[in-house]
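The next block holds one structure in the form of structure tokens; read it before the comments.
So that the names make sense, note that chain A is the first sequence line, chain B the second, and so on, each numbered from 1. The figures that follow rest on heavy atoms only: side chains count, while hydrogens, waters and symmetry mates do not.
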Protein chains: 2
Amino acid sequence: MARRSDHTRDELKELAIAAGCALIVEKGFAQFSARGVAGRIGYTVGTLYNVFGSLDEFILCLNARTLDAWYDYLCAAIDGAKSGQLLKLAMAYINFAQQHVNLWSALFLHQSEQEVPDWYKAKTRRFFDLVESVLAGQSNEDEKTIRIQAKTLWAGIHGICVLSLGNQLAQVDAGSAETLARHLIEALVVEKD
Amino acid sequence: MARRSDHTRDELKELAIAAGCALIVEKGFAQFSARGVAGRIGYTVGTLYNVFGSLDEFILCLNARTLDAWYDYLCAAIDGAKSGQLLKLAMAYINFAQQHVNLWSALFLHQSEQEVPDWYKAKTRRFFDLVESVLAGQSNEDEKTIRIQAKTLWAGIHGICVLSLGNQLAQVDAGSAETLARHLIEALVVEKD
DNA sequence: ATTGTTATTGAACGTTGTATAATTATAGTG
DNA sequence: CACTATAATTATACAACGTTCAATAACAAT
């Protein structure tokens with residue numbers, strides 16, 4: 001019952017990615033499976049392997065989609081703002097993670113067996129560059145310091161996000177993720193005079 | 001061929017946990033399996049289920065062991081030191097994670113299906129308390145501020161650690177995990193006068 | 001000895017990732 | 001239009017996994 005004209009290769013890819021994301025959203029990454037996705041799009045696992053090569057690659061594509069959406073979300077958050085961009089960035093970071101917990105968690109839950117390909121690395125690197133450029137417009141430190149500041153800040157926000165979504169911050173009261181993020185930024189970044 | 005006097009229930013538990021940790025150390029959490037552990041200790045999966053009830057519970061015990069070792073390591077690092085305790089704490093944090101990547105990663109890779117039991121929560125809570133107490137001896141802010149500082153700091157170090165071990169910091173040069181941690185602490189904490 | 005209890009096993013079930021041979025649909029060619 | 005080559009899709013198979021449970025073995029008590 002091979003249907004070849006139902007969907008082009010690209011349509012199929014898109015179909016599978018959409019279904020994969022939906023599956024992760026609904027059931028979480030732990031319940032994600034190739035057969036689950038295949039069933040949702042009316043194909044068989046074999047087709048997925050034919051299109052993506054391996055499950056690893058497939059998940060990489062799924063996570064890449066999330067990275068793109070996340071990045072766009074961050075860009076939109078600071079678009080047109082001239083002050084407090086860092087805070088807006090941090091809040092957008094946290095908001096996205098909270099609103100798409102399962103997709104966001106999948107980014108870090110999936111441990112690729114192979115070395116992560118360059119095109120994927122580039123997608124994660126963009127985030128650093130974003131923070132760095134925002135920071136550069138707000139601080140008058142030298143480039144090296146800004147680089148370190150950006151990494152520290154980014155990692156810090158990430159840590160807050162991870163622990164917050166893992167409910168490992170909730171048990172210790174005092175301060176939501178947003179509060180901590182604000183605290184971190186205020187301490188770490190000295191506003192330009 | 002049931003042998004009942006070979007090991008008491010507690011010995012068996014200890015045996016299984018040790019073998020489980022060894023398996024994670026050697027092959028990583030992704031390759032961990034109940035059958036793998038059972039094989040190493042010369043028992044069957046059924047026995048593990050009998051002793052631990054479920055795989056979830058078993059892994060919880062494994063991670064608890066890691067948490068204990070980690071906590072002890074942190075305590076030892078600041079034992080007897082009267083200055084720069086925070087930095088020592090952060091470095092110990094990072095050192096432990098680096099030296100026991102697989103065990104440390106398992107702590108966050110394992111997503112328990114059930115709500116995490118209280119005895120386990122207590123073990124993670126201790127870490128916050130530790131940071132908080134160190135911070136209290138070093139700062140003269142009020143309690144609430146210290147609480148927030150502790151959480152921000154802890155989450156920040158954690159984020160640095162996560163990204164560092166995931167090689168997501170390496171691609172952006174400038175600054176090891178240790179450098180970032182030092183930077184974070186200096187910015188976040190104002191030493192007592 | 002016999003019994004009751006409990007640890008341990010072995011086998012089974014459903015599901016997973018992965019590979020491959022067998023099918024089927026299409027494109028190309030005469 | 002018929003025939004063939006090519007590529008997509010399926011069906012099937014395999015080993016390993018988590019999980020359950022009846023059968024079995026070992027022990028404690030009487």
### Message
Between A:R147 and A:E141, does any NZ, NE, NH1 or NH2 come within less than 4.0 Å of an OD or OE carboxylate oxygen?
### Response
no
### Between C:dT15 (C1') and A:F32 (CZ): distance, integer Å
15 Å
### Task
Quick one: label B:L12 by what it contacts on the DNA or RNA (base, sugar-phosphate, nothing), any heavy atom closer than 4.0 Å.
sugar-phosphate
### Query
Nearest-Å distance, CZ (B:F52) to C1' (D:dT19)?
16 Å
#### Entry: Selected nucleotide, minimal atom distance to A:L55 side chain, candidates D:dT19, C:dA7, C:dT18
C:dT18
## Note on the structure
Assign each of A:Q31 and B:T44 the nucleotide of DNA chain C bearing its closest heavy atom; nearer the 5' end lies the nucleotide of B:T44
### Task
Select from A:Y49 and B:T47 the residue whose nearest nucleotide in DNA chain C is closer to the 5' end of that strand.
B:T47
### Summary
When A:Y73, A:W104, A:F127 are each screened for ring pair (Phe, Tyr, Trp, His ring centres under 6.0 Å) with A:F96, the one that passes is A:Y73
### Task
Figure out the CZ/P separation between A:F58 and C:dT16, and round it to whole Å.
14 Å
### Query
Contact class for A:R35 vs. all strands (heavy atom < 4.0 Å): base, sugar-phosphate, or nothing?
base
### Query
Whole Å only: how far is the CD atom of A:E11 from the P atom of D:dA8?
14 Å
#### Entry: Protein-nucleotide distance (B:Y43, atom OH; C:dT6, atom P), rounded to Å
18 Å
### Message
If you compare every side-chain N and O of A:S33 against the phosphate oxygens of C:dT16 (OP1, OP2), does one of them come in below 4.0 Å?
### Response
yes
### Message
Tell me whether A:R126 is salt-bridged to A:D68, with the criterion being a basic N under 4.0 Å from an acidic carboxylate O.
### Response
yes
### Query
With a 4.5 Å limit on heavy-atom distance, are the side chains of B:F32 and B:H110 in contact?
no
### Query
If we only count heavy atoms from C-beta on, is the A:I78 to A:L130 side-chain gap below 4.5 Å?
yes
### Rounded distance in Å - CG (B:N50) to C1' (C:dT8)
8 Å
### Task
Calculate the interatomic distance between B:L48 atom CG and C:dG10 atom P; express it in whole Å.
14 Å
### Task
Nearest whole angstrom, please: distance from the C1' of D:dA26 to the CZ of B:R9.
16 Å
